[in-house]
Structures are given as C-alpha cells and as structure tokens.
Amino acid sequence: MMSTDVPSSGEHPVDLRAAELQMPGELIYEYAPLVTDIVEYGTSADAMFAGETPPPEGARLDLTLEGPIGGPKLNGTVKGKDYLCFRADGKAELHIHAEITTDDGKKIALFADGVAIGQQGSPVFRLRENVTLTTSESDFAWLNSLQIWGVGTVDVSTGQVDLKGYAV
C-alpha cells in the first residue's frame, strides 16, 4: 500500500515508505504485533478509528498488543499495552508499556510515547514513537543508553502494526 501525505507547507505529496526507509541511525528492531484486545472508556473504538471527531475531553482506549520483534540487534516477542488517547484534533497520543522477551528468554522493558496520525479516507494511521528500552540483562545492557525513534503504521481495520526502531 502506498501512503502519501501533503505537508501543510504546500509541498508535493511524500511517499511515507520512502521517507521511513531514509531514517538516519541504526536499525535496531522491527516489530509487527497485532492488537488483540481493546478496552473502551465511553467512546467506541470503531468510531475513533473511522475518523469521527473525539469529544472535547478526548477519548481513551487501552490496546493490548502482542507479536514478533526482530532485526539485526533484537529478536523475540513483544507484548504490552498502549494507553491511547484521541485528542480533540483527531490525533492520538501513544503511551506504550511493553515487555520484550528475547529468543533466549531475556526481558527488556519498552516504553514509548508519540503520536498516531490518521490519513483521510484510510484505515492506516502513521506512527511516530520516542522509545526507551531498559534492562538489567548484561547481554542487552547496551540498549539502556540508546535513544530510539520508531516509525511505522497501524492498519486499524486489521489491527496490524508495522514499526521500525532506529537508534539516533
């Protein structure tokens, strides 16, 4: 699927995949979890994902995520929660707490905040995350000092997340 976005400055549309492939920094991981459960707090997830305007106070959804994580530096599974809050302007604030379990059973905590931006007429939201990984596992202690920038998408019609994490 080819995604485009027209910047507010009036520039020509940008191919989001091409922009993501040109991220500076070292690729640490890619993950592709599925949304396995949604908790609604008075506002329908279907309504928010369809682009309806959130109420003035915003709309809260808790999304449970689980799936594979892989890449040149990190392989295993990730599972956790995104405490998602749709703002009145339609953007969604990400607040993710998750655990990564490496293929050899080591545990790494993941915290990410950021934004999900819907695309007009599409079930795909662009994701931009600021990620921190922490662990006391000596084999992965090098992760503690990294600043990671996550870029990707979520297709809310399928619950599929695709994201790459780069050390910057």
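Scope of the values below: all heavy atoms of this structure, side chains included, with no hydrogens, waters or symmetry mates. These numbers come from a predicted model, not from an experiment.
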*For the atom pair CD1 (I96) and CG (L63), what is the distance rounded to the nearest 0.5 Å?*
9.0 Å

_Closest non-hydrogen atom pair between G76 and D103, with its separation_ = CA-OD1, 3.2 Å

*Are V39 and L84 connected in a single hydrophobic cluster, I mean Ile/Leu/Val/Met/Phe/Trp/Tyr linked by side-chain heavy atoms less than 4.5 Å apart?*
no

*Look at E40 together with R60 and state whether they make a salt bridge at an N to O cut-off of under 4.0 Å.*
no

*Is a side-chain N or O of E93 found less than 3.5 angstrom from the main chain of R87, in a donor-acceptor match?*
no

_For the residue pair T102 / D104, report whether a side-chain donor-acceptor contact shorter than 3.5 Å exists._
yes

*With no hydrogens and no angle check, is any side-chain donor or acceptor of D62 less than 3.5 Å from a backbone partner on Y83?*
no

*Kindly work out whether a path of hydrophobic side-chain contacts (I/L/V/M/F/W/Y, heavy atoms less than 4.5 Å apart) joins W142 to I148.*
yes

*Do Y31 and L110 come within less than 4.5 Å of each other through their side chains, counting heavy atoms only?*
yes

*Approximate separation, where rounding is to 0.5 Å, of F140 CZ and K73 NZ*: 11.0 Å

*Is the shortest heavy-atom distance from the side chain of T36 to the side chain of L65 under 4.5 Å?*
no

*Salt-bridged, E137 to K107, with N to O below 4.0 Å?*
no

*asked:* Any non-hydrogen side-chain atom of L61 less than 4.5 Å from a side-chain atom of Y41?
replied: no

_Could you go through D155 and S157, starting from their C-alpha distance and side-chain angles, then the distance that decides it, and tell me whether this counts as side-chain hydrogen bond (donor to acceptor under 3.5 Å, both in side chains)?_
CA-CA 5 Å; D155 183 333; S157 67; 2.4 Å; yes

*Roughly how far, to the nearest 0.5 Å, is CG of L146 from CD1 of I28?*
5.5 Å

_Using the rule side chain to side chain contact (heavy atoms under 4.5 Å, CB included), only one of V131, N75, I100, V78 pairs with Y29; which is it?_
V131

_Y166 versus G25, closest heavy-atom pair with distance_ = CD2-O, 4.0 Å

*Evaluate side-chain contact (heavy atoms from CB on, under 4.5 Å) for T153 paired with F125, printing each intermediate quantity in order.*
CA-CA 6 Å; T153 59; F125 282 67; over 6 Å; no

*Are V161 and P33 side-chain neighbours, meaning at least one heavy-atom pair lies under 4.5 Å?*
yes

*Would you give the length of the straight line joining atom NZ of K81 to atom CD1 of I38, rounded to the nearest 0.5 angstrom?*
10.5 Å

*Is there a side-chain contact between L94 and D113, using heavy atoms and a 4.5 Å cut-off?*
no

*asked:* So, taking the atom named CZ in F111 and the one named NE2 in H97, what distance separates them when rounded to the nearest 0.5 Å?
replied: 5.0 Å

*Measure across G152 and R128 and return the closest heavy-atom pair with its distance rounded to 0.1 Å.*
O-NH1, 3.5 Å

*Between atom CG of D139 and atom CD1 of I108, what is the distance when rounded to the nearest 0.5 Å?*
9.5 Å

*For the side chain of Q119 and the backbone of V124, is there at least one donor-acceptor N/O pair under 3.5 Å apart?*
yes

*Are any non-hydrogen side-chain atoms of L34 and Q160 less than 4.5 angstrom apart?*
yes

*asked:* For T135, is there any backbone N or O sitting under 3.5 Å from a side-chain donor or acceptor partner on N144?
replied: yes

*Does the side chain of L133 come within less than 4.5 Å of L74's, by heavy atoms?*
yes

*Taking side chain as C-beta onward, heavy atoms only, is P54 less than 4.5 Å from T43?*
no

